[in-house]
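The structure under discussion appears below in the form of structure tokens.
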Number of protein chains: 4
Amino acid sequence: MTQAAQKLNEEKVFKDPVHRYIHVRHRLIWDLIGTPEFQRLRRIRQLGTTFLTFHGAEHSRFGHSLGVYEIARRVIDIFKYRNNWDDSETMIALCAALLHDVGHGPFSHSFEKVFGTNHEEYTQKIILGDTEIHRLLERQGEGFAEKVAEVIGKTYPNRLVVSLISSQIDCDRMDYLLRDAYFTGVSYGHFDMERIWRVMRTVDDQIVFKLSGMHAVEDYIMSRYQMYWQVYFHPVTRSAEVVLTQILHRAKTLYQEGFQFKYTPHPLIQIFDGNMTLHDYLKLDESVILYFFQVWQEEKDEILRDLCCRFMNRRLFKYVEFSPSLIHSKDQLALAFKQAGIDPRYYLEIDSSSNSPYDLYRPGEEGERQPIELLMPDGTLHELSQESDVVGSITGMRRTDCKLYFPKDRIDELPKQETYRKKIKQLLGI
Amino acid sequence: MTQAAQKLNEEKVFKDPVHRYIHVRHRLIWDLIGTPEFQRLRRIRQLGTTFLTFHGAEHSRFGHSLGVYEIARRVIDIFKYRNNWDDSETMIALCAALLHDVGHGPFSHSFEKVFGTNHEEYTQKIILGDTEIHRLLERQGEGFAEKVAEVIGKTYPNRLVVSLISSQIDCDRMDYLLRDAYFTGVSYGHFDMERIWRVMRTVDDQIVFKLSGMHAVEDYIMSRYQMYWQVYFHPVTRSAEVVLTQILHRAKTLYQEGFQFKYTPHPLIQIFDGNMTLHDYLKLDESVILYFFQVWQEEKDEILRDLCCRFMNRRLFKYVEFSPSLIHSKDQLALAFKQAGIDPRYYLEIDSSSNSPYDLYRPGEEGERQPIELLMPDGTLHELSQESDVVGSITGMRRTDCKLYFPKDRIDELPKQETYRKKIKQLLGI
Amino acid sequence: MTQAAQKLNEEKVFKDPVHRYIHVRHRLIWDLIGTPEFQRLRRIRQLGTTFLTFHGAEHSRFGHSLGVYEIARRVIDIFKYRNNWDDSETMIALCAALLHDVGHGPFSHSFEKVFGTNHEEYTQKIILGDTEIHRLLERQGEGFAEKVAEVIGKTYPNRLVVSLISSQIDCDRMDYLLRDAYFTGVSYGHFDMERIWRVMRTVDDQIVFKLSGMHAVEDYIMSRYQMYWQVYFHPVTRSAEVVLTQILHRAKTLYQEGFQFKYTPHPLIQIFDGNMTLHDYLKLDESVILYFFQVWQEEKDEILRDLCCRFMNRRLFKYVEFSPSLIHSKDQLALAFKQAGIDPRYYLEIDSSSNSPYDLYRPGEEGERQPIELLMPDGTLHELSQESDVVGSITGMRRTDCKLYFPKDRIDELPKQETYRKKIKQLLGI
Amino acid sequence: MTQAAQKLNEEKVFKDPVHRYIHVRHRLIWDLIGTPEFQRLRRIRQLGTTFLTFHGAEHSRFGHSLGVYEIARRVIDIFKYRNNWDDSETMIALCAALLHDVGHGPFSHSFEKVFGTNHEEYTQKIILGDTEIHRLLERQGEGFAEKVAEVIGKTYPNRLVVSLISSQIDCDRMDYLLRDAYFTGVSYGHFDMERIWRVMRTVDDQIVFKLSGMHAVEDYIMSRYQMYWQVYFHPVTRSAEVVLTQILHRAKTLYQEGFQFKYTPHPLIQIFDGNMTLHDYLKLDESVILYFFQVWQEEKDEILRDLCCRFMNRRLFKYVEFSPSLIHSKDQLALAFKQAGIDPRYYLEIDSSSNSPYDLYRPGEEGERQPIELLMPDGTLHELSQESDVVGSITGMRRTDCKLYFPKDRIDELPKQETYRKKIKQLLGI
């Protein structure tokens with residue numbers, strides 16, 4: 001069994017609205033797609049609660065994962081044409097591209113917040129643990145799974161392979177910007193991907209971009225910027241996240257307090273108890289979550305019932321802008337909420353767009369610290385924001401968006417004469 | 001309270017990838033969209049199991065329903081501009097367009113087959129029964145809900161309003177062809193909708209099309225034809241339907257035989273017992289179904305377990321072409337399957353694409369019998385297939401596609417020397 | 001100097017709205033594009049007078065020629081991947097694809113009708129004659145130009161190469177359908193080109209299509225059908241052709257009769273005299289034609305002046321349907337026109353869409369006689385119309401569209417009481 | 001005769017690739033489109049020499065003019081729906097939108113540079129002078145033409161009407177960005193036009209934008225920025241402009257020096273003599289120019305011949321970056337060119353992108369000085385760059401792009417040993 005992956009007799013394709021076709025030429029890729037762990041991605045939406053804001057955004061991580069694979073495949077073809085690629089890395093790169101998101105759980109953002117799980121860790125566990133994916137990877141050669149995991153974990157020695165999967169302009173981001181724009185229907189998110197591919201060069205295991213393609217890169221950066229603020233950080237989506245998070249919180253709290261559920265969330269018990277196995281994790285998907293939200297609308301606990309009803313029927317929280325400096329006013333609000341009989345632990349929440357815009361175009365954390373480098377005609381490298389006026393101007397900027405979420409309908413229903421009603425309305429400025 | 005619906009202060013919009021924006025100008029429409037019954041459509045896919053063939057087809061009936069409403073709104077605007085429209089029908093038509101699919105359940109096709117439910121009946125019940133939708137409609141004026149139900153039921157006296165929602169070229173079909181093409185990513189399904197709108201005329205409460213627009217109509221008919229055979233009747237989608245149907249069958253049978261489920265399907269009990277209420281029905285969605293398919297992979301019953309595992313992990317049945325004249329060979333196959341220990345009641349299924357292509361472009365059943373009429377320059381009406389060579393040629397055709405589905409993997413695993421294995425392989429021609 | 005064409009150091013690209021990018025990797029291709037003979041195609045519109053019907057159709061044969069080359073390049077890449085291609089034919093095929101239309105003159109259709117020239121002959125002359133293109137081709141190896149000319153002339157021994165450039169589904173047609181649809185903006189003309197490429201197989205030097213791709217082929221045939229009737233044979237475009245033809249006729253006749261032009265059409269003198277050289281031909285383009293049409297609006301000859309004014313200002317002829325069986329009525333009309341002082345030689349013209357629809361999908365003339373063959377799973381070949389209901393139905397059809405063109409404004413201006421006016425109106429049925 | 005324009009019995013449409021359909025409902029608009037002055041726009045390319053860089057950019061000002069009209073029509077419909085529009089201004093606004101570019105001549109940029117003409121003046125003359133357009137406008141009511149001219153000239157009292165046609169975000173710019181992006185095929189140039197329309201508000205005769213639509217406006221500004229630098233100021237396009245300008249210069253100089261042309265440019269004589277009438281101007285179009293460039297390749301004057309040959313066959317000048325501070329080196333170059341026998345008056349040209357990027361997003365000259373104002377929720381207006389980080393950052397920037405153009409081929413052919421060759425190469429840094 002060697003790393004030279006077996007070719008399929010006949011190329012297989014998936015029809016894809018973003019890349020027209022996804023082409024599969026290796027048996028390993030085909031088999032990986034067929035595993036239960038990968039098929040599970042069909043039941044996890046790419047954009048979590050965004051479908052409650054943009055109704056087209058119902059697409060799953062399955063299509064995105066195929067898309068990242070396809071972009072990697074095409075970029076590698078271009079690198080090969082230019083003799084810039086070591087072909088023995090091809091299968092590792094393609095598998096890493098395909099599997100980079102396989103550890104995502106249902107509504108990851110909220111889920112991880114409440115239960116402290118981490119989808120990147122689970123991606124590693126799925127690749128290295130007792131799974132079909134792992135067995136298929138190891139068939140390719142001993143240690144192969146480990147290498148794939150290293151690429152995703154950004155510890156793989158060949159930085160070029162790592163950059164392909166995770167860097168400022170990687171196959172992951174290129175796919176999700178185009179795909180999320182397609183499914184939401186927004187006009188942002190488009191950029192000239194083929195132009196970017198054409199100006200990609202490799203210098204010392206690093207992907208750089210020819211100066212002549214700077215504008216395509218600028219356009220990509222601006223697309224990303226617009227997608228973040230127009231789609232990913234949309235306040236309504238965040239409101240849905242807040243409600244979702246509160247449901248999970250409430251359910252966990254109730255369980256820990258010994259509440260007798262009418263509908264016990266079997267698949268969540270282990271995670272409530274803090275001893276979830278990989279096997280348990282793999283049984284979770286959005287159907288499981290939504291099923292319980294559906295039936296919990298009939299639980300006795302009023303908070304759980306109300307929050308589930310809000311989420312299922314899109315009766316979300318409203319919001320006001322909130323300056324972090326006013327944190328004391330939140331305490332006052334919490335007090336007034338309590339007086340009004342509205343539990344502030346579940347009905348008053350600050351949400352700050354934690355991914356600051358700064359990360360959007362420049363060094364963020366850990367492995368992604370490398371900047372975008374332009375290859376000048378004289379062979380030197382210049383960092384993008386030095387050359388591009390537009391990017392340079394955004395580079396200095398930090399944008400924070402902090403909002404306070406609450407159930408406006410509940411406030412409106414409060415007895416008009418009560419002091420706490422006035423207090424609340426005054427503090428919220430509504 | 002009168003039928004003149006209240007206007008919103010500010011028009012509201014939904015971003016839609018197919019129509020760019022859905023515009024809502026009346027409070028009633030806005031409120032209907034906000035009901036639990038309508039929001040539930042977000043959890044029911046437009047194309048059932050098609051996402052297992054075309055991974056982009058994960059869109060729900062929610063977006064489609066908005067789309068049908070939007071097309072109706074735009075067509076009515078054009079009719080109004082030409083003084084061809086009685087404005088007192090506007091709200092009835094818009095509500096009917098929006099709500100025409102509200103009775104759909106999860107995976108309706110299979111569901112109705114197994115349980116004998118009917119989504120059209122449920123649409124009527126939701127509009128006329130004890131629901132938020134009903135209450136909103138009645139606020140518009142007494143008897144308003146009844147009228148909306150009549151439009152959808154095709155018994156409404158104003159045939160023009162009925163035609164807008166259900167006829168050979170109605171707002172429903174125009175939306176789903178474009179939408180399903182968009183989300184699957186196929187190149188069929190496109191036609192010049194605006195041209196069709198422009199050549200629509202009304203003659204005696206009937207929608208007809210100016211001769212000069214015949215080619216746009218032809219193109220629509222061909223799009224529909226291609227979508228049916230390339231997407232809607234795709235053999236892999238039908239394989240998934242077969243497996244799904246068998247799961248529901250098996251679960252129902254087990255329940256009726258007193259099987260002790262590890263995971264009792266509470267929301268399905270009433271339907272198993274044959275006494276489901278509207279309230280029960282409204283709690284059903286695809287999450288509920290998928291949740292149980294997920295957990296039933298751990299039930300003791302081997303057939304249920306296996307079928308669920310197949311569906312969830314897309315290990316579907318294979319198929320061979322099957323001529324209905326060979327029905328006796330099916331009996332022989334069933335016998336051989338039994339000998340091989342494969343229960344033919346669940347593992348051997350004929351699926352015939354029942355919507356014959358003939359219906360695609362010409363009179364089908366009940367209310368849809370009206371043909372497409374062209375308005376000639378001299379004011380007479382000619383039936384489309386008389387004028388169009390292309391449509392005329394398809395009109396005479398009846399296309400049936402009959403396939404036999406079975407688990408090829410199980411056959412392959414049978415002991416090589418056994419007679420029934422040879423028999424099965426010979427009968428299937430594999 | 002060998003046939004192994006020199007590679008460019010760096011691939012060059014043209015931004016193309018249809019194929020995103022045209023990729024040029026060989027110096028020969030790059031140099032051919034730079035020749036005066038090829039650059040001249042920028043000044044010849046792809047669709048002649050169609051821009052007077054669809055204002056977007058202003059695109060030239062230059063972009064189309066690049067597009068055909070690009071499609072050939074991509075198809076050859078796929079053939080190479082499948083080991084179905086003899087790489088020594090690559091440069092011949094690419095040059096033939098690029099140059100297949102290089103002999104087109106301005107408004108070829110009308111021009112050839114009046115002067116008896118033939119763009120295919122000129123393509124041969126340009127490739128084989130005293131031109132930069134010829135010199136470049138011969139640098140590639142002696143006899144290379146001859147081979148390229150043979151491919152375009154369909155006499156090249158390797159039928160596969162010929163089929164790529166001219167057959168029922170060739171690179172030429174694939175490009176023009178997509179390109180003309182793009183620039184006119186019509187919704188017809190789209191088909192799944194990549195799917196067609198994927199199902200192309202080579203059997204005995206013939207291009208055939210896997211049965212599984214039949215629907216994509218059907219869709220292509222239908223697109224072609226619609227484009228012919230909706231765009232290429234549009235009656236207004238044909239009216240402009242009629243006027244254009246009459247201008248050329250009139251100018252030629254005047255010249256031959258010794259008329260003293262105020263603006264002598266120097267570049268057309270040789271062709272009027274019937275002794276045009278290749279060098280003369282290459283100086284002709286649409287600017288030349290339009291320049292003289294522009295200035296001839298000031299010539300003394302009233303017919304020439306009027307026709308030029310009509311063409312330049314889009315005051316075209318009107319038309320009525322005309323059955324060829326009524327040919328005697330044309331004679332009557334001609335008589336009445338004469339009486340009315342309207343010269344019927346220039347103002348009364350029958351135009352019949354000579355490319356009958358039959359050619360569109362089935363054997364036509366000469367080299368294109370080969371039908372479209374489907375490759376069945378058992379390896380046999382079946383002719384498309386045998387397998388496809390839709391194509392089968394069109395195959396039997398012959399559609400002729402015959403129209404009589406005349407200047408309605410002139411008729412309307414005739415004295416109301418005159419007998420010939422009534423006669424004319426009656427015969428035309430207007 | 002009143003300003004209430006006559007409606008057409010049946011709406012007429014033009015198929016348009018950018019806006020799908022252009023809808024014409026008034027006889028006046030239909031008739032204006034049919035005038036010779038308007039039809040002439042078909043023979044003047046929208047983007048001048050850009051087609052030599054982006055081969056798709058062959059579209060004319062005709063389609064653009066229809067597009068601007070269509071956008072105005074749709075925006076006015078929205079304003080009317082909101083009761084923000086005085087309907088007596090509709091026809092004035094629509095005519096101004098349609099006719100705003102009617103005075104453009106062939107290759108306006110170069111033409112105006114050489115002959116000192118001004119297309120805006122000609123637009124005024126066409127609307128107010130002895131033309132069919134003028135007569136049609138006056139049929140609408142006395143003084144109507146004057147009003148239309150005032151809107152285009154930005155002196156019309158109703159600022160709202162003026163803003164619609166010329167302001168930072170006007171119908172003209174919206175159309176050309178989308179249209180030029182479409183025809184060139186670049187991915188820049190797209191923005192959410194319908195969103196912008198929806199957030200447009202009128203405050204005191206000024207068009208402002210709701211804060212909630214700020215991102216769509218940002219996106220529009222960025223599109224414009226990218227289109228300018230990627231398309232409009234493309235160095236190859238500018239090279240073609242330089243060559244074109246030099247041809248016109250040379251021809252004018254030769255004429256004035258009494259040169260005997262083999263092909264006298266009759267339509268240009270008046271302009272050479274400086275006494276061109278409106279009537280003469282209207283006979284000019286790109287065919288005229290290209291015809292003479294074509295035949296002048298055979299004139300005796302070597303410079304004229306060579307320059308025409310360069311333009312027709314796209315053998316353009318090369319360029320190097322040039323800092324305006326090095327103006328003395330241009331003198332040295334000119335001297336060396338002279339020594340080398342290359343006339344620097346025609347073969348050495350500095351081109352600076354005169355429309356500085358600063359104008360792109362903020363006050364420029366004359367009537368366009370008004371900034372983009374955002375309407376805040378509290379009803380106040382804030383200037384865009386105050387609110388938008390992205391626009392704010394570009395606002396401070398001034399980008400100049402200065403290049404020196406010359407015929408590199410001529411330099412390369414100079415005798416290697418000559419001092420001036422070395423001098424030239426050193427000064428140019430090539």
Side-chain angles (χ1 to χ4, degrees), chain C residues 14-22 33-40 42-43 45-46 51-60 62-63 66-67 132 179 181-187 230-231 262-263 266-267 283-295 297-298 309 312-315, chain D residues 14-22 33-40 42-43 45-46 51-60 62-63 66-67 132 179 181-187 230-231 262-263 266-267 283-295 297-298 309 312-315:
Chain C
F14 292 83
K15 188 82 194 97
D16 184 71
V18 176
H19 307 299
R20 298 200 194 180
Y21 286 101
I22 311 284
I33 295 169
T35 59
E37 298 92 18
F38 194 84
Q39 290 291 321
R40 168 183 160 274
R42 293 187 189 268
R43 300 188 298 275
R45 284 192 191 78
Q46 170 71 4
F51 73 99
L52 291 166
T53 312
F54 295 93
H55 60 260
E58 300 175 318
H59 56 303
S60 73
F62 183 85
L66 293 183
E132 266 199 47
R179 188 169 301 273
Y182 187 89
F183 283 98
T184 55
V186 301
S187 22
Q230 295 312 295
V231 176
K262 193 167 158 193
Y263 299 96
H266 300 291
K283 284 192 261 176
L284 295 176
D285 60 28
E286 290 183 13
S287 301
V288 172
I289 302 295
L290 290 179
Y291 170 69
F292 285 102
F293 287 12
Q294 169 74 27
V295 294
Q297 294 178 71
E298 297 172 25
C309 179
M312 295 305 276
N313 303 320
R314 199 184 173 280
R315 292 176 174 173
Chain D
F14 293 83
K15 188 82 193 98
D16 183 71
V18 176
H19 307 299
R20 299 200 193 181
Y21 285 102
I22 309 286
I33 294 169
T35 57
E37 299 91 20
F38 194 83
Q39 291 290 321
R40 169 182 159 275
R42 292 186 188 271
R43 301 188 297 275
R45 283 191 192 80
Q46 172 71 7
F51 72 99
L52 292 166
T53 311
F54 295 92
H55 59 261
E58 300 174 318
H59 57 302
S60 73
F62 182 85
L66 294 183
E132 268 199 47
R179 188 169 301 274
Y182 187 88
F183 283 97
T184 55
V186 300
S187 21
Q230 295 311 295
V231 176
K262 194 167 158 191
Y263 298 96
H266 299 291
K283 284 193 260 176
L284 295 176
D285 61 26
E286 290 183 13
S287 301
V288 173
I289 302 294
L290 290 179
Y291 170 69
F292 285 102
F293 286 12
Q294 169 74 27
V295 295
Q297 293 178 72
E298 296 171 25
C309 180
M312 295 305 276
N313 302 320
R314 200 185 173 281
R315 294 182 172 167

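Within every chain, numbering begins at 1; the chains are lettered A, B, ... in the order of the sequence lines, protein sequences first and strands thereafter.
In this structure a side-chain-to-backbone donor-acceptor pair under 3.5 Å is missing from C:Q39 to D:M312. Side chain of C:R42 to main chain of D:E58: no donor-acceptor pair is present (N/O by atom type, distance under 3.5 Å, no hydrogens or angles). C:Y182 places no side-chain N or O within 3.5 Å of a backbone atom of D:P17 that could act as its donor or acceptor partner.
In terms of non-hydrogen atom pairs under 4.5 Å with chain D, the most contact-rich of C:R45, C:R179, C:E286, C:R43 is C:R43. Note: D:H55 leads D:E37, D:Q297, D:H55 in heavy-atom pairs under 4.5 Å with chain C. Taking C:V186, C:L52, C:I22 one by one and counting their heavy-atom pairs under 4.5 Å with chain D, the maximum is reached by C:L52. When each of D:F183, D:F14, D:F62, D:Y263 is scored by its heavy-atom pairs under 4.5 Å with chain C, the top score falls to D:F183.
For a residue to count as touching a neighbouring chain, one of its non-hydrogen atoms must lie under 4.5 Å from one of that chain's; by this rule C:E298 touches chain D with the side chain only. Proximity to chain D (any heavy atom under 4.5 Å) is shown, for C:Y21, by neither the backbone nor the side chain. C:F292 touches chain D through its side chain: at least one heavy atom from C-beta onward sits under 4.5 Å away, while N, CA, C and O do not. For C:T53, no part sits under 4.5 Å from any heavy atom of chain D, backbone or side chain. Contact annotation for D:F293: neither backbone nor side-chain heavy atoms come within less than 4.5 Å of a heavy atom of chain C. Within the 4.5 angstrom heavy-atom criterion, only side-chain atoms of D:E132, from C-beta onward, approach chain C. Of the atoms belonging to C:R40, not a single heavy atom falls under 4.5 Å from chain D. For C:R20, no part sits under 4.5 Å from any heavy atom of chain D, backbone or side chain.
Contact check for D:P36 versus C:R315: side-chain heavy atoms found under the 4.5 Å cut-off.
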Margin query: Using the rule given for side-chain contact (heavy atoms from CB on, under 4.5 Å), can you reason through C:V295 versus D:H266, listing the C-alpha separation, both sets of side-chain angles and the distance that settles it, and then say yes or no?
Written below: CA-CA 9 Å; C:V295 294; D:H266 299 291; over 6 Å; no
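Rounding to the nearest 0.5 Å places OH of D:Y291 at 10.5 Å from CD1 of C:I289.
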